[in-house]
Amino acid sequence: MTWTAPRIERTTVDGDQLNVPSTADERVMLEGWLRWHRETLLTKCAGLTPAQLARTAAEPSGLTLLGLVRHMAEIERWWFRRSFAGEPIGDVFTGPGDGDEGIEGVDAAHAERDFAAFRAEIEACEAAVAGRGLDETFVSVTRGRIVSLRWVYLAMIQEYARHNGHADLLRERTDGATGDYPAPA
């Protein structure tokens with residue numbers, strides 16, 4: 001049986017799929033919105049085969065759904081673990097052809113492995129910031145200034161929002177599916 005990207009059961013709060021309470025403290029809201037965007041990317045991939053995930057569906061762009069999953073694993077690691085937590089670790093995906101922060105170097109044969117790496121990276125990132133204050137800071141080597149954990153959460157939400165728009169288009173071009181829980185047309 002061929003592996004397919006698993007269906008995601010969205011986290012809910014009070015039965016609402018938008019798993020962010022409308023009245024909560026800032027940390028709860030930031031974590032909730034980030035979780036929602038992470039889950040959104042995975043729902044855009046749900047049910048697709050490795051070949052579909054690795055397909056460029058909006059030519060001439062080389063962007064793929066699998067490339068987005070790989071890219072977000074790299075971005076998660078960069079901001080939460082390497083930059084904020086200062087962990088001395090390399091990239092998630094390394095080697096010839098991996099290119100632009102995971103977007104390039106996609107291989108359908110490694111789709112299941114890449115999805116597992118994405119999920120593992122999210123868990124590691126959540127552990128790296130657990131119990132840490134939003135006002136804690138670090139010096140960003142890419143920004144050349146002091147950055148707070150709060151800023152990292154907002155930057156990650158922005159990054160996912162942008163790429164989830166790409167994922168919407170890629171999914172629709174792949175099999176016609178649209179919406180929050182894509183089902184093939």
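- Atoms NE2 and CD1, from His71 and Ile103 in turn, are 4.5 Å apart once rounded to the nearest 0.5 Å.
- Between Ala54 and Thr64 the shortest heavy-atom distance is O-CG2, 3.2 Å.
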| said: Show, in sequence, the C-alpha distance, side-chain angles and deciding distance for Thr56 and Leu63, and conclude whether the side chain to side chain contact (heavy atoms under 4.5 Å, CB included) test is met. | reply: CA-CA 6 Å; Thr56 57; Leu63 193 60; over 6 Å; no

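- The ring pair (Phe, Tyr, Trp, His ring centres under 6.0 Å) check on Phe80 picks up Tyr153, with sequence neighbours excluded.
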| task | Show your working on side chain to side chain contact (heavy atoms under 4.5 Å, CB included) between Thr4 and Leu48 and close with a plain yes or no. | result | CA-CA 5 Å; Thr4 59; Leu48 295 179; over 6 Å; no

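- A donor-acceptor contact shorter than 3.5 Å links the side chain of Arg77 to the backbone of Gly90.
- For Arg7 and Glu9, the salt-bridge test passes: some basic side-chain N is under 4.0 Å from an acidic carboxylate O.
- For Ala127, there are no side chain to side chain contact (heavy atoms under 4.5 Å, CB included) partners at least two apart in sequence or on another chain.
- Across Ala46 and Arg171, no two heavy atoms sit closer than the pair O-NH1, 2.8 Å.
- Not counting sequence neighbours, the partners of Asp168 by the side chain to side chain contact (heavy atoms under 4.5 Å, CB included) test are Lys44.
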| said: Set out, in order, the CA-CA distance, both residues' side-chain angles and the distance that settles side chain to side chain contact (heavy atoms under 4.5 Å, CB included) for Val69 and Cys45, then state yes or no. | reply: CA-CA 9 Å; Val69 169; Cys45 298; 3.9 Å; yes

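- Screening Thr137, Leu154, Leu134 for a side chain to side chain contact (heavy atoms under 4.5 Å, CB included) with Ser148, the sole residue that qualifies is Thr137.
- Trp3 contributes atom CH2, which lies 9.0 Å from atom OG1 of Thr49 (distance to the nearest 0.5 angstrom).
- For Glu136, the side chain to side chain contact (heavy atoms under 4.5 Å, CB included) test picks out Phe84, Arg132, with sequence neighbours left out.
- Rounding to the nearest 0.5 Å gives a distance of 6.0 Å between CG of Leu66 and CG of Leu53.
- Listed by chain and residue number, nothing satisfies the salt bridge (Lys or Arg N to Asp or Glu O under 4.0 Å) test with Arg113 (two or more places apart in sequence, or in another chain).
- Atom CD of Gln158 sits about 14.5 Å away from atom CH2 of Trp33, to the nearest 0.5 Å.
- Taking every heavy atom of both residues into account, Val106 and Gly102 meet most closely at CG2-O, 4.3 Å.
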| field | Evaluation steps, side chain to side chain contact (heavy atoms under 4.5 Å, CB included), between Phe138 and Val152 | value | CA-CA 10 Å; Phe138 61 97; Val152 172; 3.7 Å; yes

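- Val147 and Ser140 get closest at one heavy-atom pair: CG2-CB, 3.6 Å.
- Trp151 pairs by the ring pair (Phe, Tyr, Trp, His ring centres under 6.0 Å) definition with Trp79, not counting sequence neighbours.
- Every ring pair (Phe, Tyr, Trp, His ring centres under 6.0 Å) that His166 has, sequence neighbours left out, goes to His163.
- With sequence neighbours excluded, the residues satisfying salt bridge (Lys or Arg N to Asp or Glu O under 4.0 Å) with Arg82 are Asp91.
- The shortest non-hydrogen separation linking Ala108 to Pro50 is O-CB, 3.1 Å.
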| query | How far apart are the C-alpha atoms of Tyr160 and Glu39, what are their side-chain angles, what is the distance that settles it, and do they pass the side-chain hydrogen bond (donor to acceptor under 3.5 Å, both in side chains) test? | reply | CA-CA 10 Å; Tyr160 272 102; Glu39 291 173 359; over 6 Å; no

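- To the nearest 0.5 Å, the span separating CZ on Arg119 from CZ on Arg38 amounts to 11.5 Å.
- Under the side chain to side chain contact (heavy atoms under 4.5 Å, CB included) criterion, Ala128 pairs with Arg81, Ala85, Glu87, sequence neighbours left out.
- Summarising the hydrophobic clusters (Ile, Leu, Val, Met, Phe, Trp, Tyr; side-chain heavy atoms under 4.5 Å, direct or chained), the residues clustered with Ile146 are Val139.
- Checked by atom type and distance alone, the side chain of Glu74 pairs as donor or acceptor with a backbone atom of Val92 at under 3.5 Å.
- The salt bridge (Lys or Arg N to Asp or Glu O under 4.0 Å) search around Glu26 returns Arg150, not counting sequence neighbours.
- Taking the side chain as every heavy atom from C-beta outward, Arg162 and His37 never approach each other to under 4.5 Å.
- When all heavy atoms are compared, the tightest approach of Ala167 to Leu41 is CB-CD1, 4.0 Å.
- Interatomic distance, CD1 of Ile157 versus CZ of Arg35, reported as 10.5 Å (0.5 Å rounding).
- A heavy-atom distance below 4.5 Å is found between the side chains of Met72 and Met156.
- With sequence neighbours left out, Arg27 forms a salt bridge (Lys or Arg N to Asp or Glu O under 4.0 Å) with Glu31.
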